[in-house]
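Beneath this line is the structure, given in structure tokens, with notes to follow.
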Amino acid sequence: MTTTKSFPVLALLLAMQAGAQTQPVAIHFKGVVASEDFACGHSYKGIGTTKSTIKPIDFRFYIHNVRMLDETGKSVPMDLTQDDKWQLDNLALIDFEDATGGCGNGTPETNTVVLGTLPAGHRYSGLTFTVRVPFEKNHTDLTTMPSPLNMTGLAWVWNAGRKFMRVEVATTGKPRGYVLHLGSTGCTPNQTKITVPTSCLNPNRPEVSFAAFDPQKDQVVVDLAALLQGTDVDGEPGKPGGGCMSNPHDPDCAAMFARLGLAFGDAAATPQTVFRVKSPVTSAALEQ
Amino acid sequence: MLRRGLALVCLLVRVVQAHDAHGRSYAPIEARRLKNPMADAAGHLTEGQALYQSSCAGCHGDDGRSRTKLAGSLPVRPTDLSDYMMESMRDGEIFWVVTHGIAPGGMQHMPGFEQALTDTQRWELVLWVRELRRKQKAVEVATLGPYEWSLPPGFPYPKVPADNPMTHEKVELGRYLFYDSRLSVNRTQSCATCHRQEKAFTDGRGRGLGSTGELHPRGPLSLANVAYNPVLTWANPNMRRLEQQALVPMFGANPVELGMEGKEDALIARLKAEPRYGKLFRAAFPTDASPFTVGNVTKAIASFERTLLSGDSPYDAYRNGDDPNAISESAKRGEALFFSEQLECFHCHGGFNFTGTVDYLGKGITEVEFHNTGLYNLKGRFSYPEPNLGLYEFTQQEGDVGKFKAPTLRNIAVTAPYMHDGSVATLEDAIAHYKAGGRTIRSGPLAGDGSGNPAKSDFVRPFDLTRQDTADLIAFLKSLTDKNFLSDQRFSNPWQPPPVQTRSQPRYILHGEVAAVFREDGTASLYHSEVPGLLTAMVKPEAMEFQVPDARELAMLKPGMKIVAGVRRRGGDYVIEQIRPEPRRGANAAR
């Protein structure tokens, strides 16, 4: 209510406006299934512990707080371009499905690149980001939020937030779909849909980091086969549905969480294996 | 504070309430009465803009939409100053917030500028804040047309096709056409025959019946909030515009609905012969030399349909914070079940319109979904009975057999029977269907175990539900009925004279005290006790502003007066009517 409270805000404003030389950065993502490119309508063999054949249904995820390391080793946040669609503040939605083939309930638009800027005059290598929607944005009302936070397809239970990652595949044993819906669980209070949670027991936010990453040459490869490697995607015969919706007691989640670098049950977190760096030969390949 | 702010605010911050038009705000009554002493003289406005850039734009952005980096990093995004809700804030309220800020120490803290800026400068800021809304409104009018929307609280603007901007004249013409049985070959049916307002614009039949007696394979969908549907009808991914859809019942032959195939000229002649239409068509299409065309008929009907907005159910009052007691405890338990991972109703019936298929202005990414819910599993070529093969009809993909759109669940209690062919009679039956994970039909030509349908959505899985759970779920679904929408005169048949204005008992009664009267605006601010089911109490110093449409009643009001009145919501505002002084306790009837 007094000006003393407004000074820090003004100071921050001034600091941000000073010295604003930037360089554009584009981080490319590519969906793959082992050695093949991900595409709706294609089949992929040899997936999971039963070597099942899968067909995509959905493959989307949010990433937050994209940062790169400069030459002094300092972690610098990337300023994302605000586009009223895929990128909001420092959150972006990556969308590999295109609503064709078996992906009918997805969206025709895809998004495989994160666009923004970094301060100029530095060399950057190393990339980090988290697969999540940050807490204060996560538990917000779907309707009143700007894109990409207003997707009913990526909303979860009302106040438990968004699905950070939505992967769905039709498998030999589960032709209607085997899913991964990743999100925070154990959020309290959770009694009514009016009260916003103040904390979540299991945040479930995979962190991804690469020591060496050159945006001009490298892309982040997201491997569905690696995600499902330790999972029986055919599931129990006769048991309806299959997959993991982040229930901390669901054994289907164990292997997928481990691959994402998340702790699960008694198992401590191990390094993630779903995201890796690939260096295509030419920059034209980067654009694909 | 504003509605959008409310949706984001943790209820820890008790004071920030105001979610509706002239609602509760931080500003005390005396502050709200203040008018801006600066005229809109160019000098003041320019100064206001400069002050805004240096003091406000960091958080609120150059355009007022608060999309700056700083705004995005705050726990609660600052208010969008270009939003339509700003129109309901008084100059004095904006001035007060600029002066004193909001929630010091709270999550939503905004600093006050009482010390940093003079009164004059703060009033100049108010001028520029108004200008931000004016600019955005000009963009909205350019995009949507000049029609003044009456959006339910929390609803976004619908999308409007660029070649059919919304005007009040088109809406009015569309309403006449919607209820006009001249649009059917034998003059027995209009759109309203199958889309009846009291049933949220369905017909209670399950399968439509055409004007020549032909039975439609599917039932008419509710038109409530049809403006937010990116695809229309049960399973047509290509039917994207209301203007386009209107042609189907009018001119379709398989089945015959209104039956005007090949009779466009006759239709136009009929319309021209009706005296009222000359003026209506010319007003709706003033630049057309000959406005009587089929295209204009569909444009007008579509415009009327876009106004059919329903967002005023008891559940909305509860969710918006208007009244935490607006729905029963049973319905609150039902809500928890609806949004649980156990039942997963929200996966297909989520969002403000209780459907995953939704689009609106500024949405960014349109969403369209079709789902097979395991209603049938026939042996033979197709697992669903022809002709209702769903999305398969258009995609010819085996996996799309039996996939249909999940319609809105708003007003679901009045739109029985259910599913695309009306084959589920009651809400109890619908819940039992999902509880079983699909429907088993034991004998007859439709026999089969729907839960085994190969195209069934993975979200339709069996679950446990006690009798009490079912009752709770139904209580929740019933709380989605918007009675105002079902009887709103603006959507009713204009060909019939409106019902005689009887002094009928209003549904909600308000007891309050007048805090201030704003005669030139036709409103009054009141302190008042709780109106169960509609409004929480407003205790001094908090007051709420109501519209007073009756001029004589408005003239009677004075600050300090205790009154009792009928109260109702109308769009984003509240209206009080049938106002009389609160009778004194113990007073005899005769005085």
Side-chain angles (χ1 to χ4, degrees), chain A residues 1-3 5-7 9-10 12-13 16-17 57 79 82 84-86 88-91 93 95 99 102 104-105 107-109 136 140-144 146-148 150-153 155-159 168 170 174-179 191-196 198 240-243 245 247, chain B residues 4 7-8 10-11 58-59 67 69-73 75-76 100-101 104 109 111-116 154-156 318-319 321 324 332 335-336 339-341 346 350-352 355-356 358 362-371 391 395 399-400 403 437 451 454-459 461-462:
Chain A
M1 264 187 63
T2 66
T3 49
K5 291 238 164 86
S6 70
F7 279 149
V9 170
L10 293 175
L12 179 56
L13 284 174
M16 283 164 47
Q17 284 160 10
I57 297 175
D79 243 344
Q82 303 297 295
D84 264 323
K85 194 162 175 178
W86 301 107
L88 175 71
D89 304 323
N90 54 0
L91 173 77
L93 174 64
D95 181 350
N105 284 340
T107 59
E109 302 98 323
E136 62 279 358
T140 54
D141 185 342
L142 185 65
T143 311
T144 59
S147 194
N150 59 4
M151 304 291 293
T152 58
W156 226 21
V157 181
W158 207 260
N159 62 10
E168 297 185 9
K174 293 275 173 276
R176 292 189 213 128
Y178 191 90
V179 311
Q191 277 77 43
T192 76
K193 299 305 159 214
I194 290 187
T195 315
V196 176
T198 49
M245 296 201 183
N247 181 339
Chain B
R4 305 264 156 119
L8 301 177
C10 177
L11 287 183
C59 284
R67 297 295 188 91
K69 192 167 157 183
L70 178 56
S73 68
V76 176
H100 299 285
H109 167 61
F113 293 86
E114 186 168 25
Q115 314 269 334
F155 277 39
Y318 166 69
R319 266 279 294 164
K332 289 177 194 173
E335 179 199 26
F339 289 109
S340 68
E341 284 297 331
F346 68 93
F352 74 95
T355 165
V358 61
K363 171 125 182 13
I365 302 168
T366 306
E367 293 187 87
V368 176
E369 297 184 352
F370 299 95
H371 304 280
L391 191 60
T395 65
D400 288 341
K403 285 192 178 165
S451 65
K456 190 185 78 164
S457 167
D458 192 41
F459 291 121
R461 306 182 187 183

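Throughout, protein chains are lettered first and strands after them, A, B, ... in sequence-line order, and every chain is numbered starting at 1. Side chains are part of it too, since the values below use all heavy atoms of this structure and drop only hydrogens, waters and symmetry mates.
- Using a 4.5 Å cut-off on side-chain heavy atoms (C-beta onward), A:Asp79 and B:Lys69 make contact.
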Working for salt bridge (Lys or Arg N to Asp or Glu O under 4.0 Å), residues A:Asp84 and B:Arg67:
CA-CA 10 Å; A:Asp84 264 323; B:Arg67 297 295 188 91; 2.8 Å; yes
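- Contacts of A:Pro146 with chain B are made by both backbone and side-chain atoms, with heavy-atom separations under 4.5 Å.
- Put simply, the side chain of B:Ile365 reaches to within 4.5 Å of the side chain of A:Lys85, judged on heavy atoms.
- Without hydrogens or angle criteria, A:Asn150 side chain to B:Lys363 main chain gives a donor-acceptor distance under 3.5 Å.
- When each of B:Lys403, B:His371, B:Glu367 is scored by its heavy-atom pairs under 4.5 Å with chain A, the top score falls to B:Glu367.
- For A:Ile57, no part lies under 4.5 angstrom from a heavy atom of chain B.
- With respect to chain A, the highest number of heavy-atom pairs below 4.5 Å among B:Gly399, B:Pro454, B:Ser457 belongs to B:Pro454.
- Looking at A:Asn105, the atoms closer than 4.5 Å to chain B (heavy atoms on both sides) sit in the backbone and in the side chain alike.
- Within the 3.5 Å criterion, the main-chain N or O of A:Met245 finds no donor-acceptor partner in the side chain of B:Glu341.
- Only the backbone of B:Thr355 comes within less than 4.5 Å of a heavy atom of chain A; no side-chain atom from C-beta onward does.
- Heavy atoms closer than 4.5 Å to chain A are found in the side chain of B:Val358, but not in its backbone.
- Between the CZ atom of B:Phe459 and the CD atom of A:Glu168 there is a distance of 4.5 Å, given to the nearest 0.5 Å.
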